[in-house]
Amino acid sequence: MKLKPGYYLNEDVVGLAKDLLGKVLYTKIDDEITAGIIVETEAYFGIKDKASHAYGGRRTNRTETMYGAGGIAYVYLCYGMHHLFNVVTSVENDPHAVLIRGVEPLVGIEIIEKRRGMSGTKGAISAGPGSAAKALGIDRAFNTKSLLGDEIWIEDHGIRYDEENIAATPRVGIAYAKEHALLPWRFFVKGNKYVSKPNKV
DNA sequence: CCGCCGATCTACT
DNA sequence: GTAGATCGGCGGA
């Protein structure tokens with residue numbers, strides 16, 4: 001069920017971003033377990049990707065997390081109020097990552113509703129990277145944590161989507177990345193309610 | 001040391 | 001449709 005270490009060492013981060021659709025992301029905080037099906041992701045292609053914090057091989061306290069071996073969490077604060085959660089992939093010193101942009105609530109719905117202050121029937125409860133992280137209670141304390149432990153992990157429940165039900169589009173919010181902004185490295189499940197706003201192909 | 005701005009979300013007109 | 005919230009990382013002085 002739980003994904004193995006080898007899964008995260010895959011050097012094809014774009015393929016992994018697509019494969020993570022349908023996997024289930026769990027967190028356990030103060031003995032409260034919540035989980036959601038991953039329905040939207042984006043790939044960040046290491047040092048060659050202008051949209052990545054690690055572009056050009058930049059190493060700082062913040063980006064150091066992404067240089068670790070695949071299988072850990074990279075969480076950072078954006079716009080002073082949103083925590084964005086990424087899965088670090090590939091081998092050590094190859095800073096690839098997959099941003100989790102949307103999850104479909106699966107376990108602990110009441111807890112998720114309390115964290116978000118809205119009904120689980122609303123797609124907005126966990127659509128978009130900031131909302132998805134908050135729904136699962138993820139904050140900067142999760143940065144560098146292993147995805148193989150018992151605080152945060154990912155399971156395979158055998159959920160699979162056909163090619164025709166997966167959309168690949170340019171990433172969101174990275175216009176500054178110039179030509180790299182056009183690469184179709186955002187993946188989402190077509191028609192799913194927990195996919196963030198620009199839900200078009 | 002200072003100043004800018006971001007892999008965003010929500011409320012309100 | 002659009003403004004406001006809110007803060008740490010980063011680069012330049």
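Because the structure is a prediction, the values reported are computed rather than measured. Chain letters run A, B, ... following the sequence lines, proteins first, then strands; residues in each count from 1. Below, all heavy atoms of this structure are taken into account, side chains as well, without hydrogens, waters or symmetry copies.
For A:Phe45 and A:His96, the distance between ring centers is under 6.0 angstrom.
In this structure, A:His82 atom NE2 and C:dT6 atom C1' are separated by 9 Å, rounded to whole Å.
Separation of the C1' atoms belonging to B:dC5 and C:dG4 is 15 Å when rounded to the nearest angstrom. B:dG3 sits 15 Å from C:dT6 when the C1' atoms are compared, rounded to a whole Å.
For A:Pro129, the side-chain contact (heavy atoms from CB on, under 4.5 Å) partners at least two apart in sequence or on another chain are A:Leu84, A:Leu99, A:Arg101. In terms of the side-chain contact (heavy atoms from CB on, under 4.5 Å) criterion, residue partners of A:Asp31 (sequence neighbours excluded) are, by chain and number, A:Lys28. Scanning for side-chain contact (heavy atoms from CB on, under 4.5 Å) contacts around A:Ser131 gives A:Arg116, with sequence neighbours left out. Annotation: ring-ring contact (aromatic ring centres under 6.0 Å, His included) contacts of A:Tyr74 (sequence neighbours excluded): A:Tyr76. Legend: residues meeting salt bridge (Lys or Arg N to Asp or Glu O under 4.0 Å) with A:Asp156, ordered by chain and number and at least two apart, are A:Arg160.
Of the residues in residues 57-73 of chain A, not one comes within less than 4.0 Å of DNA chain B through any heavy atom. Within residues 47-54 of chain A, the residues that place at least one heavy atom under 4.0 Å from DNA chain B are, in residue-number order, A:Ala51, A:His53.
With contacts defined as side-chain heavy-atom distances shorter than 4.5 Å, the pair A:Ile125/A:Glu113 qualifies.
With hydrogens and angles disregarded, a donor-acceptor distance shorter than 3.5 Å links the side chain of A:Tyr176 to the backbone of A:Ala51.
A:Glu40 and A:Ser196 form a side-chain donor-acceptor contact under 3.5 Å, judged by distance and modelled atom types alone.
On the nucleic acid side, DNA chain B contacts chain A at distances under 4.0 Å to non-hydrogen atoms, with the end points of that region at B:dG6 to B:dT10.
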If you write DNA chain C from 5' to 3' in dot-bracket form, with Watson-Crick or G-U pairs under 3.5 Å, [ ] for crossing pairs and | for pairs with another strand, what do you get? |||||.||||||.

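Rounding to the nearest 0.5 Å gives a distance of 6.5 Å between OG1 of A:Thr34 and CD1 of A:Ile111.
Position along DNA chain B of the nearest nucleotide to A:Gly80 versus A:Met118 favours A:Gly80 as the more 5'-ward residue.
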Under 3.5 Å, which donor-acceptor pairs link side chains of residues 14-25 of chain A to any protein atom two or more places apart or in another chain?
unit_1	atom_1	unit_2	atom_2	d
A:Lys18	NZ	A:Glu163	OE1	3.1
A:Lys18	NZ	A:Glu163	OE2	3.0
A:Asp19	OD2	A:Tyr7	OH	2.6
A:Asp19	OD2	A:Lys23	NZ	3.4
A:Lys23	NZ	A:Asp19	O	3.1

Check: protein-nucleotides 1-3 of chain C nitrogen or oxygen pairs below 3.5 Å:
none

Between A:Arg186 and A:Thr41, does the side chain to side chain contact (heavy atoms under 4.5 Å, CB included) criterion hold? Intermediate values first, please. CA-CA 6 Å; A:Arg186 169 181 180 234; A:Thr41 62; over 6 Å; no

A:Tyr44 and A:Arg171: CA distance, side-chain angles, deciding distance, side chain to side chain contact (heavy atoms under 4.5 Å, CB included) verdict: CA-CA 10 Å; A:Tyr44 283 83; A:Arg171 294 172 289 176; 3.4 Å; yes

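Within the structure, every pair that satisfies the salt bridge (Lys or Arg N to Asp or Glu O under 4.0 Å) test and touches residues 59-82 of chain A, not counting sequence neighbours, is listed here: A:Arg59-A:Glu64.
Among the protein residues, A:Leu99 comes within range of the nucleic acid bases, having at least one heavy atom under 4.0 Å from a base atom.
The aromatic rings of A:Tyr55 and A:His180 sit perpendicular, their planes meeting at an angle over 60°, well past the 30° parallel limit.
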